[in-house]
2 protein chains.
Amino acid sequence: MSKNCNFIEKLREVGLRPTKQRVKMCEVLYNREKTFHFTINDLVKLLSEKMNEKISLATVYNTVHAFEKKGYLKEISIDSHKSYFDTNTSAHHHFFDEDTHELIDCDESDIEKINIRKNITGKKINSVEVLVRVASDNQTHK
Amino acid sequence: MSKNCNFIEKLREVGLRPTKQRVKMCEVLYNREKTFHFTINDLVKLLSEKMNEKISLATVYNTVHAFEKKGYLKEISIDSHKSYFDTNTSAHHHFFDEDTHELIDCDESDIEKINIRKNITGKKINSVEVLVRVASDNQTHK
DNA sequence: TCAATAGTTTAGAATTATTATAATGTAGAT
DNA sequence: ATCTACATTATAATAATTCTAAACTATTGA
């Protein structure tokens with residue numbers, strides 16, 4: 001709240017015009033204690049229900065992708081046919097709660113450094129991501 | 001070729017009726033040297049073009065999911081809005097070639113055992129999957 | 001062997017996530 | 001204040017997947 005000029009500056013820094021919609025989205029995404037994991041749908045809901053901002057769906061998609069391209073957001077690969085995004089753009093791993101479909105960040109210290117022994121000729125490694133799927137202890141897994 | 005009775009038996013073993021379509025799909029998927037990674041689209045194409053089998057799209061979906069539920073196939077999480085499947089159902093990791101969108105299996109020996117130091121109360125770990133994204137060495141990454 | 005039935009296949013409609021389009025609006029430079 | 005390039009918007013289009021309901025078939029057991 002009142003950090004808006006920060007967002008305006010930050011947007012400008014990476015070459016994104018600080019439009020009303022983008023600033024509002026920044027507020028929703030980054031005025032938080034913890035990193036935030038969401039789907040486009042989650043975000044649209046938050047914007048309209050909590051913030052009373054009806055930003056067009058196309059704009060939300062455009063803006064999320066603009067943010068991703070500029071390193072403001074990171075896309076996370078969970079199964080299914082839905083994209084998850086993460087406001088924590090540093091290299092880190094995740095837990096995925098299969099009961100609640102919730103993503104949880106891993107600190108670097110939670111998982112030892114991963115050593116890749118295989119090499120693919122002519123290719124370089126862009127990223128190494130670990131996904132740990134968890135579920136209720138008492139529940140049978142499919 | 002001629003392994004069909006094997007497939008019929010195997011299907012029966014896990015409680016799937018060995019229909020003509022399912023047996024054909026088994027042939028395409030499992031009469032191979034190496035494990036096979038595919039999308040539904042790939043599979044439909046293979047069936048119709050190489051095998052001259054026009055199995056309805058809905059059946060391919062149903063059958064792939066039936067196979068997955070019974071442990072004949074494993075779903076792999078890559079980004080995007082497409083599901084990838086793997087005929088190698090054992091716990092293993094993957095390389096994903098971002099240039100060709102190809103999946104490559106990792107042997108167990110390619111990646112050291114991963115130690116998860118974090119615990120989520122009341123939850124048990126179902127799987128730990130590593131995805132290593134690679135791309136052409138000379139190509140700038142997005 | 002044959003009918004009953006429970007599970008399967010199918011074409012097509014419906015749904016869901018996402019992207020494209022083209023008209024209108026707005027930020028930033030002059 | 002005006003221009004221009006970039007943004008936003010509603011809506012249409014596309015793509016992947018699931019649903020539906022009718023027709024079909026493998027299995028069971030009389």
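Chain A is the first sequence line, chain B the second, and so forth, proteins listed ahead of strands; every chain is numbered from 1. Fair warning: this is a prediction, and the values are worked out from it, not measured in the lab. Only this structure's heavy atoms are used, side chains among them; waters, hydrogens and symmetry mates stay out.
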(message) Phe95(B): which residues meet the ring-ring contact (aromatic ring centres under 6.0 Å, His included) condition with it, sequence neighbours left out?
(response)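 ring-ring contact (aromatic ring centres under 6.0 Å, His included) list for Phe95(B), sorted by chain: empty.
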(message) With the threshold set at under 4.0 Å for non-hydrogen atoms, list the residues of residues 35-48 of chain B touching DNA chain C in residue-number order.
(response)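 Hits under 4.0 Å, by residue number: none.
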(request) List in numerical order all residues of residues 54-62 of chain A for which some heavy atom is under 4.0 Å away from an atom belonging to DNA chain C. (result)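 Within residues 54-62 of chain A, the residues near DNA chain C are Leu57(A), Ala58(A), Tyr61(A).
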Could you pull out all residues at least two apart from [X] that satisfy side-chain contact (heavy atoms from CB on, under 4.5 Å)?
| X | result |
| --- | --- |
| Glu112(A) | Asn115(B), Arg117(B) |
| Thr19(B) | Arg17(B), Gln21(B), Arg22(B) |
| Asp110(A) | Cys106(A), Asp107(A), Lys118(B) |
| Ser90(A) | Asn88(A), His92(A) |

Could you state the atom-to-atom distance from [atom1] of [X] to [atom2] of [N] in whole Å?
| X | N | atom1 | atom2 | result |
| --- | --- | --- | --- | --- |
| Lys70(B) | dG7(C) | NZ | C1' | 12 Å |
| Arg22(B) | dT10(C) | CZ | P | 11 Å |
| His101(B) | dA16(D) | NE2 | C1' | 16 Å |
| Glu68(B) | dT17(D) | CD | P | 12 Å |
| Leu11(A) | dC6(D) | CG | P | 17 Å |

(request) State which residues pass salt bridge (Lys or Arg N to Asp or Glu O under 4.0 Å) with Asp42(B); sequence neighbours excluded, sorted by chain then number. (result)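 Asp42(B) satisfies salt bridge (Lys or Arg N to Asp or Glu O under 4.0 Å) with no other residue.
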(request) With sequence neighbours excluded, tell me which residues meet salt bridge (Lys or Arg N to Asp or Glu O under 4.0 Å) with Lys74(A). (result)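 Expected list: none.
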(message) Taking 4.0 Å as the cut-off, does a side-chain nitrogen or oxygen of His65(A) come that near to OP1 or OP2 on dT19(C)?
(response)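 Looking at the OP1 and OP2 atoms of dT19(C), one of them is under 4.0 Å from a side-chain N or O of His65(A).
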(request) Establish, with yes or no, whether the OP1 or OP2 oxygen of dT25(D) is under 4.0 angstrom from a side-chain nitrogen or oxygen of Gln21(B). (result)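 For Gln21(B), the contact criterion (side-chain N or O under 4.0 Å from OP1 or OP2 of dT25(D)) is not met.
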Show which side-chain atoms of residues 48-61 of chain A pair as donor or acceptor with protein atoms under 3.5 Å away, not counting sequence neighbours.
{"from": "Ser48(A)", "atom 1": "OG", "to": "Lys45(A)", "atom 2": "O", "distance (Å)": "3.4"}
{"from": "Ser56(A)", "atom 1": "OG", "to": "Ala58(A)", "atom 2": "N", "distance (Å)": "3.2"}
{"from": "Ser56(A)", "atom 1": "OG", "to": "Thr59(A)", "atom 2": "N", "distance (Å)": "3.4"}

(request) Begin from the C-alpha positions of Tyr72(B) and Val14(B) and carry the test side-chain contact (heavy atoms from CB on, under 4.5 Å) through to its verdict. (result) CA-CA 9 Å; Tyr72(B) 266 43; Val14(B) 295; 3.9 Å; yes
(message) Could you work out, with side chain to side chain donor-acceptor pair (under 3.5 Å) as the rule, every residue matching Thr87(A), not counting sequence neighbours?
(response)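 Scan of Thr87(A) (side chain to side chain donor-acceptor pair (under 3.5 Å), adjacent residues dropped) gives none.
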(message) Within the 3.5 Å criterion, strictly below it, is a donor on His93(B) or Asp105(B) matched to an acceptor on the partner's side chain?
(response)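 No, because no side-chain N or O of His93(B) sits under 3.5 Å from a partner of the opposite role on Asp105(B).
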(message) Across nucleotides 23-30 of chain C, 5' to 3', mark each nucleotide with B, S or - according to how protein heavy atoms within less than 4.0 Å reach it.
(response) ----BS--
